[in-house]
Amino acid sequence: HIIDDTSSIEMSAKYYDTQSDKIQTIDEERFDIFKSGGTIPNDYGMWVFNKDDKQTRTADIKYKKYFGEDLLKVSGFYKTLDKTQYQNGKIKISGDNYNAGFDMEYAFERENSSYLVGFTYKKDKTKDSNQYKYADINFTTKTKDGVTTETITDVFGTSIGDLISTGNTDNSLIGVYAQDEIRLSGKWKLDLSLRIDRVKINVDNTSYWKYNGDKYISQSGKLEKVSQESTLYTPRISFIYALNSSTNIYALIGHGEQTA
């Protein structure tokens, strides 16, 4: 807290670097070896290099200020994720992406009502999320009816081969919301709220190869694309009755929507 008035601001930045091997099931004999400090050989078949490598960076900020009894809150975040995943038949690499958001709300009371109004913006963007073949593989070749098929027999490294597919996403959300809690009597309250979100989704993926069991099958640059915009309405009304200082009962009617 660095502001000497009715305001406060909080900031944080984090960095995570994680590596994880593929989880495998072990029997009691191997578990005893593990407990004694021994090394357990993996049992992934030919995909012995399966693992994940991720680097995550996040930054957050929160601001709060009172205007008499009224309260303003503002928050934002920014996150990036670089990842390399070695999986059965493909290497996934994604390093040009971010996820960010901003939220602002204002709470105040007037006469017998408590009000809350707010605004939200979120953005999720990924560029060139790629999948590659393994280059370090041995295979057998078989030709039938003029069609040649290459069957993978073993993998001996993690060098990147031909591009399997590449994808991009560009999604966003802009929302506004409002809430009015009305004190009807000593024990009764009426709660009215409405949220409206404008959602845009843009996803495209181009496939050149497909991994199927133990072979790569050509896809000839097949393009899949989704582009969608929608407006979501979320109204709600509820009646609240206070039985005592710690127990409420209520009846609620609401409507929610989600994108397809």
Side-chain angles (χ1 to χ4, degrees), residues 15-27 30 33-34 39-57 79-99 123-172 199-229 258-260:
Y15 174 77
Y16 300 97
D17 190 347
T18 60
Q19 295 86 33
S20 60
D21 292 329
K22 182 178 178 181
I23 297 175
Q24 64 173 324
T25 302
I26 59 176
D27 55 23
R30 288 187 172 189
I33 296 174
F34 169 76
T39 300
I40 303 172
N42 63 53
D43 190 21
Y44 310 150
M46 61 183 170
W47 303 110
V48 296
F49 299 102
N50 284 15
K51 64 178 181 178
D52 289 352
D53 186 0
K54 300 179 182 179
Q55 293 81 41
T56 306
R57 304 166 188 85
K79 175 181 178 181
T80 65
L81 172 63
D82 300 336
K83 61 182 178 180
T84 302
Q85 297 173 290
Y86 299 92
Q87 301 180 341
N88 289 10
K90 50 195 171 185
I91 302 171
K92 294 183 177 182
I93 299 177
S94 178
D96 189 359
N97 63 80
Y98 71 88
N99 180 250
K123 182 78 168 181
D124 181 6
K125 189 168 185 177
T126 301
K127 183 179 180 182
D128 297 333
S129 179
N130 297 332
Q131 299 185 75
Y132 298 91
K133 290 182 179 181
Y134 282 83
D136 301 328
I137 57 175
N138 291 318
F139 55 84
T140 59
T141 301
K142 182 178 180 181
T143 301
K144 182 178 181 181
D145 299 328
V147 178
T148 301
T149 302
E150 296 178 346
T151 301
I152 302 170
T153 56
D154 66 273
V155 184
F156 55 88
T158 57
S159 298
I160 294 174
D162 294 338
L163 182 65
I164 292 178
S165 68
T166 183
N168 305 281
T169 63
D170 188 356
N171 306 325
S172 64
V199 180
K200 295 183 180 181
I201 298 175
N202 292 284
V203 180
D204 67 77
N205 188 77
T206 303
S207 300
Y208 302 97
W209 297 90
K210 178 182 179 181
Y211 174 69
N212 185 16
D214 55 3
K215 59 182 66 69
Y216 295 109
I217 301 172
S218 176
Q219 299 292 291
S220 303
K222 179 182 177 182
L223 174 63
E224 297 175 328
K225 191 171 183 178
V226 175
S227 183
Q228 177 181 328
E229 294 187 25
Q258 64 181 24
T259 56

Quiz prompt | Nearest-0.5 Å distance, CD of residue Gln131 to OG of residue Ser165 | solution = 3.5 Å

Quiz item: With side chains defined as the heavy atoms from C-beta onward, is the minimum distance between Gln19 and Lys51 less than 4.5 Å?
Solution: no

Quiz prompt | Interatomic distance, Asn50 atom CG to Asp52 atom CG [nearest 0.5 angstrom] | solution = 8.5 Å

Self-check item: The single option from Lys54, Gln55, Arg57 passing side-chain hydrogen bond (donor to acceptor under 3.5 Å, both in side chains) against Asp17
Solution: Gln55

Self-check item: Minimum side-chain heavy-atom gap Lys79-Thr56 below 4.5 Å
Solution: yes

Practice problem: Count the heavy atoms belonging to other residues, nucleotides or ligands that lie under 6.0 Å from OH of Tyr16, then report whether that count exceeds 12. | Solution: no

Self-check item: Gap between atom NZ of Lys144 and atom OG1 of Thr149 - 0.5 Å precision
Solution: 9.5 Å

Quiz prompt | Nearest-0.5 Å distance that lies between atom NZ in Lys125 and atom CG in Asp96 | solution = 8.5 Å

Exercise. Looking only at non-hydrogen atoms, find the nearest pair between Ser172 and Lys123 and report the distance.
Key: CB-CD, 4.0 Å

Quiz item: Are more than 12 heavy atoms from other residues, nucleotides or ligands located less than 6.0 Å from atom NZ of Lys215?
Solution: yes

Quiz item: What's the shortest heavy-atom distance between Ile91 and Lys133, and which atoms?
Solution: CD1-O, 4.1 Å

Practice problem: Would you give the length of the straight line joining atom NZ of Lys92 to atom OG1 of Thr84, rounded to the nearest 0.5 angstrom? | Solution: 12.0 Å

Self-check item: Minimum heavy-atom distance Phe49-Tyr86, with the two atoms named
Solution: O-CB, 3.5 Å

Quiz item: Hey, mind stepping through Asn171 and Val203 against side chain to side chain contact (heavy atoms under 4.5 Å, CB included) and telling me if it holds?
Solution: CA-CA 8 Å; Asn171 306 325; Val203 180; 4.2 Å; yes

Exercise. Please report the closest heavy-atom contact between Thr166 and Tyr208, naming both atoms and the distance.
Key: CG2-CE1, 4.4 Å

Quiz item: Is there a donor-acceptor pair under 3.5 Å between the side chain of Thr153 and the backbone N or O of Asn138?
Solution: yes

Self-check item: Exercise: identify the closest heavy-atom pair between Gln219 and Trp209
Solution: CG-C, 3.6 Å

Quiz prompt | Spacing of CG belonging to Asn202 relative to CD belonging to Gln228, to within rounding of 0.5 Å | solution = 9.5 Å

Quiz item: Given Tyr132 and Leu163, is the side chain to side chain contact (heavy atoms under 4.5 Å, CB included) satisfied, shown in steps?
Solution: CA-CA 4 Å; Tyr132 298 91; Leu163 182 65; 3.6 Å; yes

Quiz item: In a check of side-chain contact (heavy atoms from CB on, under 4.5 Å) between Asn97 and each of Asn168, Thr126, Asp124, which one passes?
Solution: Thr126

Practice problem: Could you tell me which non-hydrogen atom of Ile137 sits nearest to which non-hydrogen atom of Phe156, and how far apart they are? | Solution: N-CE2, 3.5 Å

Quiz item: Judged by modelled atom types alone, do Asp82 and Thr80 share a side-chain donor-acceptor pair under 3.5 Å?
Solution: no

Quiz item: Just checking, any donor-acceptor pair under 3.5 angstrom between side chains of Asp136 and Ser159?
Solution: yes

